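Computed from a prediction, not measured in an experiment: that's the story for all the values here. Numbered from 1 within each chain, the chains take letters A, B, ... in sequence-line order.
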Amino acid sequence: MGKAPEQEEEDARRRNPRAFAVQSAVRMARTFHRTQDLKTKKHHIPVVDRTPLEPPPVVVVVVGPPKVGKSTLIRCLIRNFTRQKLVEIRGPVTIVSGKKRRLTIIECGCDINTMIDLAKVADLVLMLIDASFGFEMETFEFLNICQVHGFPKIMGVLTHLDTFKNNKQLKKTKKKLKHRFWTEVYPGAKLFYLSGMVHGEYQKQEIHNLGRFISVMKFRPLTWQTSHPYVLADRMEDLTNPEDVRINPKCDRKISLYGYLRGAHLKNKSQIHMPGVGDFTVSDVSFLPDPCALPEQQKKRSLNEKEKLVYAPLSGVGGIVYDKDAVYIDLGGSHAHENEEEEVRPNHELVQSLISTHSTIDAKMASSKVSLFMDSRPLDSEDIERQEFVMPKEERAVDVKTGRVRRKAIFDEEKENHDAVSDEEDDQEEEEMSEDGSDGDDEDDAEEESDREILGEEVVVGSAKRLKREVTKEEAVNELPAFADSDDDLEVSSEGEGKTAPEESDMEGEDSEEQESYENESSDSEFEGVRKGVTKSEQYEINREDEEMRSQISCHNLKKKAVLTTDSGNCTAEEASESEVENSSMEEGGDDEGSHGESEVDALDGKGFRQTREKKMGSVKQTELKAVEDEEDDDVENLLKEEEEYEEKIDFSADTAGALKWKEDLTQKAAQVFLRQQQSTPNLRKLVYGTVAEDEDRESENEDDELGGLFRVSRPDKETKQKANALDCSKFLIEKPQDWDLEEVMSSIRDCFVTGKWEEDKDAAKLLEEDEELYGDFEDLETGVVHKGKPAAEGDESGSEQEEKEGKMSKAEAEEEEKKKERMDKKRKLKEMFDAEYDEGDATYFDDLKEEMHRQAQLNRAEFEDQDDETRVQYEGFRPGMYVRLEIDNVPCEFVLNFDPHYPIILGGLGNSEGNVGYVQLRLKKHRWYKKILKTRDPLILSLGWRRFQTIPMFYIEDHNGRHRLLKYTPQHMHCGATFWGPITPQGTGFLAVQSVSGTTPDFRIAATGVVLDLDKSITIVKKLKLTGFPFKIFKNTSFIKGMFNSQLEVAKFEGAAIRTVSGIRGQIKKALRAPAGAFRATFEDKLLMSDIVFVRTWYPVSIPAFYNPVTSLLQPAGEKDSWRGMKTTGQLRQERGIKLKQNKDSLYKPIVREKRHFNKLHIPKALQKALPFKNKPKNLEKKGKTPRDQWRPAVIREPHERRISALITALSTVNNYKMKKAKVKHRQQLKEYLKVKQKEEEQKLKRQKEAKKKIYRMLGQREKKRQKSSLKGSSEGDKSM
Amino acid sequence: DFEASFIRLIDKVTNGSRIEINQTGTTLYYQPGLLYGGSLEHDCSPSRGIGYYLESLLCLAPFMKHPLKIVLRGVTNDQVDPSVDILKATALPLLKRFGIDGESLEIKINRRGMPPKGGGEIVFACPVKKVLQPLQLTDPGKIKRIRGTAYSVRVSPQMANRIVESARSILNKFLPDIYIYTDHMKGVSSGKSPGFGLSLVAETINGTFLSAELASNPQGQGAAVLPEELGQNCAKLLLEEIYRGGCVDSTNQSLALLLMTLGQQDVSKVLLGPLSPYTIEFLRHLRSFFQIMFKIETKSPEEEEHKGGAKVLMTCVGVGFSNLSKTIR
């Protein structure tokens, strides 16, 4: 089928080649040009694809004017994806929409602040339009905001289509709206129609379609979003110490915010901006398990029910619900319960509940907890119960450790859950009841338990009912500070661990609480010491303490302690190594004994000092999570390891010596050296980064954090001290140069040179050989010499030779392998060649660039792929897609007090210097829909980068010579420049300006848009300044001018400046005069008049007011968030206060009154008059104007007779005239007719003549023809034409 | 002294920075400004070489507002700092690897000045860049040629020839392609103090440069150095440097790491020789400034491989820095 037309075409080509030839070269060129244009138009600048493997949820923003159906749509979408009904939607809702996609849906109100903020983080915008009403200002405003801040994907959704009764009208409206939408977004933009509602919801099929569209949509990365990390927070918690709040309710708060990280990598301690609140430094970041994770296995076709997760803590799904002064704990709807059931169940419910944690206060804790549980034997309910009984009244201690009231509730829940599960999942109603009951019962017990056992899992466990537990705010806050800093976290977790170790808890008995508190403190100080590496002495003390405790166990250890201390005191490598050796030998003996002693101590019980020792032990123990082995042994080992590492630190050269201390055996030593070499990577890192680099694995790090930590910290410190005194030089001096005259030393770098041995794959000879094989035989045509390729066997031989040398392997097998490999290689090579040959033609610069970017992206992905998250975070920061928890200090209390989940909280990461302020130059254009023009020096609210702030811009225009001239107002339809004092933002960033963010106006609110051009620390705007002066003495072309300046100095500054008079005479300032201060001599091109005004035009630099005021709309009290008012413009102030501007009379416009110009008569002197020729002599005509009376002529008065005659004559002449006229007309008529007749005759005559001529010529022709015929052959054609 | 000169230099290249030093000179308050660039001149203190100033300028120059063109006067070659010759030979190719390119990238030595009095003059010009390219430099390749400059100022021009002879005698055992230029400066261009020295650069087939240098003792300090001895020692230093190996020689390690850090948010890799103490300190600074940590892997040499000592593979993700001072039109 396909072939036939082709054939035909081919035939046609052959038959009629001209039809297929190039008709017009120009046209051809044009079409070619056009296709190329179209092709290149499709190209985008390739960017490195930095999206992580597991991308963060797509942010879907639902926008529209009020009452258009936003919430309904969100509800329907959620229901469509998750089969779950959310009653009230507050804040972002994250759902799993497909196998590879999650969505975060958020509603955007009509507040312009919200619109601006959300436009910056949106990936997809669902723009709802009320079809019955048409477009509203909000729609256009939002579109404009989007345009400025990078254009996310926009999809229109028409609602209220059921209000149209008339079908035709509906169609017309749809079309109209569609086309308008296309002009705004792009032609062909998708517009959805939601016709009608069924039971208060949109039609299922339509929503389903919309959902599918959303979940397959592709997004182009936006510059701002991909270059900055940002978090759309979906949870907020106040961590402030309740005591501080009690003392000063207005104190700055410490909060934690949760959300998915998007955009770029986030580094700890980086600067962020919260739009609506301000700039902050992140005090701590940690990543949590994903609360709304994608399904793990990808094989299935579609999601099953349990994977359709929904997560929206602010609206009470999978988290906590906030109220004015209470915290409600939501235990999930029925859906959560289902999740629970379907989860793969570990053998114990408690563990399961911990794993299935959806939202944890601190998942780090949780995870550590879980791992502990997993490793050690899982706790069961008995255990818990027993502990309950063991310590029934510890409420005060609870407070110190911060009663985890919330946790407690959960714990209840868990227990209940546990109950419930054991009850084989009874009817849910019943369970509810039982829960309620148990809730009341367990409340007291639970309080104690929870703080011991569970660390903050508000697990969405088990129970079907959403259990509300009201707790007073204070209490809620009370519990929080425990998580205030990570130190505490660690401690608490470790504490918990310690406790779970069963013997511990048994031994500690009743006063374990107290002990723990002590422990906390001690470990705290230790941690601190380790962290900051502050005072060595302290560390030594701890060290010593440790040793002392040891000393009580055995006398050997006493010695060791002394040795150790000297150790740490000394820095020289040799000494240290020596002492190490001693130490190790001693330890050899001592360790065993020590272990014995310790076990003894274990056997003994109850004494105070022992308890303290026990504590120490415990803390050491806690750190090693694998408590499988014997504690004592571990301890000793730890110590040894630490010492070893310390050694390494001290000197690499001391390595061998250090090896001695481990075991005296030589073989062991060798192994040790080898091992150390293997370990050198982390060691090097430790050397560089010190202790804070706890990357390899937390556990190993923690294992030796007490002693090893100390040394590690102190080392860099010492080094830095030395460094500070030393010369700051990048040269790497060699202390111990090798002897390069020795042959073996020389040979050690032999291969670094081209003359050395090459690697297998790069050896030129080898390559040549391979090539030869590839091409095989070929004949040189010119010379006729036949080149034969080497038989493959030869190559094999060489290879096999090597093999023989290497060892006696099974030769045949090897050969087989070799051959196979070779063949494969050959094939690959051929393929490469082929590819190269055929692809080369198409490879353009663009393709190359794309390829390069692709390679980079792959490298980015692959580099840290195999490392665990902890390590990755160290290297590359928190990557987008992670669910993170950010702690922020010093947040204004209003943010917490007036928290309203309906307003989005965005944490926008700032680049390195974007936290600074400076002068920013913009290119700005007043929006064409904005009614007024903007005035220089009026405050304006800009949205730039993440920020919204009020500032005072100055408008300017660039003159031809590059001067920036100040403008008073923005030009109407033109770009102008603007400079303001504000946050440094990268060039090329778009911005928009509004006059006010409060209230709503019927008018378009966006005042101006533009882009950042330049950042600077100095300003270049100038304003014109004219100085005027008056001449007070005029010579020929020189004048003395006064009144322009006030002193000689000022004049000196302007010497040589060009001046001008109003009448246009140009001149120059020459020199100052002494007499009146500020007067000067100036020369002009012409003589001045005394009435002339002289002026000089100067440029005066304008200073820009350093006014930068972030819009803190989120700090406004609830309900007034959209009423932020900043600095008012002078116009507004005047209007409010009723102050009239006092106008300068001179600058008022008055009707121009022009006096009639009066010219004097030209006076010619008499002598001149005389000399003039007569022609030019002034003729004094007026002189003879008056005739004397005597010369007057008398009037003629006729007689009656004469009068009659004259009357008759006039009458007659009139008649005659008339007659004459008539005759003339008649004559003309006759002439005309005559001419007509004449013409006719002429025509007749001509006609006749023509006929005659024709006849004659025909005759002549025939005659001629005849003659020709008779003479020769006749040419017939000539006659025929006649 | 030289620190003051350095601060003055920083003040010159920036705009809007505030520097306050208290009376005793023990505390320094520095508020950074904007890197401005442009055509400048600076008299460096002769107590340190120009290399000291130039190294920091190399880090800053790509991020100026206007392309930098600066004339530095002082000591071009001394025993402490990397000489201008070395920086010219090694640092500039390194910058090119990061996409900082263009004909205006150059270092020109107009006059040589030796310690203690100096009197040398160089011109350093560098174009500006908005963003840096990520770097993948893991294979140093084999050394194909060795070049060098033997200079002598205010001493007999024969000195340079003697240096060359002795240096060649050692290096010829490894490679035939050696060429050492002799550079004898006369008159004004010879600075104010006598001296001589040698700088050697080894170039590999992959375009990485390893360098070593040695200069004579300054006039009136220490014993006189024989040029033969100097040449041999310098050649040995070069061999030592080759033994350390890596894609970037030891003086430029920190520059390479800094530019990697300041790159786009992509993975950069570089193979280095053993880290110098300066580099280690520099890495710590990088972490405190940019919160960036390098992944450090040690590559110990395999058996039967004569390629010098252990190498370090440094990997990092750039911070996504872009030149904020460059104007767009």
If one checks every heavy atom of B:P140 against chain A at 4.5 Å, the contacting part turns out to be neither
Going through the checks in order, is the side chain to side chain contact (heavy atoms under 4.5 Å, CB included) test met by B:I146 and A:F753?
CA-CA 10 Å; B:I146 293 176; A:F753 295 90; 4.2 Å; yes
Heavy-atom distance under 4.5 Å between the side chains of B:L34 and A:Y919, does that happen here?
no
Would you mind checking which part of A:Q858 comes under 4.5 Å of any heavy atom in chain B, side chain (CB onward), backbone (N, CA, C, O), both or neither?
neither
Rounded to the nearest 0.5 Å, what's the gap from CD1 on B:I328 to CZ on A:R923? Could you check?
7.0 Å
Which region of A:V1012, side chain (C-beta onward) or backbone (N, CA, C, O), has a non-hydrogen atom less than 4.5 Å from a non-hydrogen atom of chain B, or is it both or neither?
backbone
A side-chain contact here means heavy atoms from C-beta on lying under 4.5 Å apart; do B:Q264 and A:V48 qualify?
no
For chain A, which of B:K295, B:E213, B:K144, B:K236 has the most heavy-atom pairs under 4.5 Å?
B:K295
Under 4.5 Å between any side-chain heavy atoms of B:K65 and A:D1016, yes or no?
yes
Heavy-atom proximity to chain A below 4.5 Å, by part of B:Q136
side chain
Given a strict heavy-atom distance threshold of 4.5 Å, which part of A:L859 is in contact with chain B: side chain, backbone, both, or neither?
both
Hey, which of B:V312, B:I292, B:L283 has the most heavy atom pairs under 4.5 Å with chain A?
B:L283
All heavy atoms of A:K267 vs all of B:Q291, minimum pair found to be CD-O, 2.9 Å
What part of A:S270 is in contact with chain B, defined as an atom under 4.5 angstrom from a non-hydrogen atom: side chain, backbone, both or neither?
neither
Nearest 0.5 angstrom please: B:L239 CG to A:C752 SG, how far?
10.0 Å
Segment of B:L275 engaging chain A (4.5 angstrom heavy-atom cut-off)
both
Which atom pair, heavy atoms only, marks the closest approach of B:D266 to A:N860?
OD1-ND2, 2.6 Å
Side-chain heavy-atom pair B:Q265, A:E876 within 4.5 angstrom cut-off
no
Please look at B:D249 and chain A and tell me whether the side chain, the backbone, both or neither of the residue comes under 4.5 angstrom of a heavy atom of that chain.
neither
So which atom in B:N15 and which in A:S1018 form the shortest heavy-atom distance, rounded to 0.1 Å?
ND2-OG, 3.3 Å
Heavy-atom pairs under 4.5 Å with chain A are the metric here; pick the option from B:I86, B:L175, B:D177, B:L255 that has the most.
B:L175
Is the shortest heavy-atom distance from the side chain of A:Q856 to the side chain of B:P134 under 4.5 Å?
yes
Are B:V317 and A:Y875 packed together at the side-chain level, in the sense that at least one heavy-atom pair is separated by less than 4.5 angstrom?
no
Taking the side chain as every heavy atom from C-beta outward, state whether A:P986 and B:L324 have any pair of such atoms under 4.5 Å apart.
yes
Identify which part of B:S325 has an atom lying under 4.5 Å from any heavy atom of chain A, answering side chain, backbone, both or neither.
backbone
Report, as yes or no, whether the 6.0 Å neighbourhood of atom NE2 on A:H854 holds more than 12 heavy atoms from other residues, nucleotides or ligands.
no
Any chance you could lay out the side chain to side chain contact (heavy atoms under 4.5 Å, CB included) test for A:N912 and B:F289, step after step, and finish with the verdict?
CA-CA 9 Å; A:N912 276 325; B:F289 273 102; over 6 Å; no
Contacting moiety of B:F282, where chain A heavy atoms sit under 4.5 Å:
neither
Got a donor-acceptor contact below 3.5 angstrom from the A:Q987 side chain to the B:K326 backbone?
yes
Identify which part of B:Q79 has an atom lying under 4.5 Å from any heavy atom of chain A, answering side chain, backbone, both or neither.
backbone
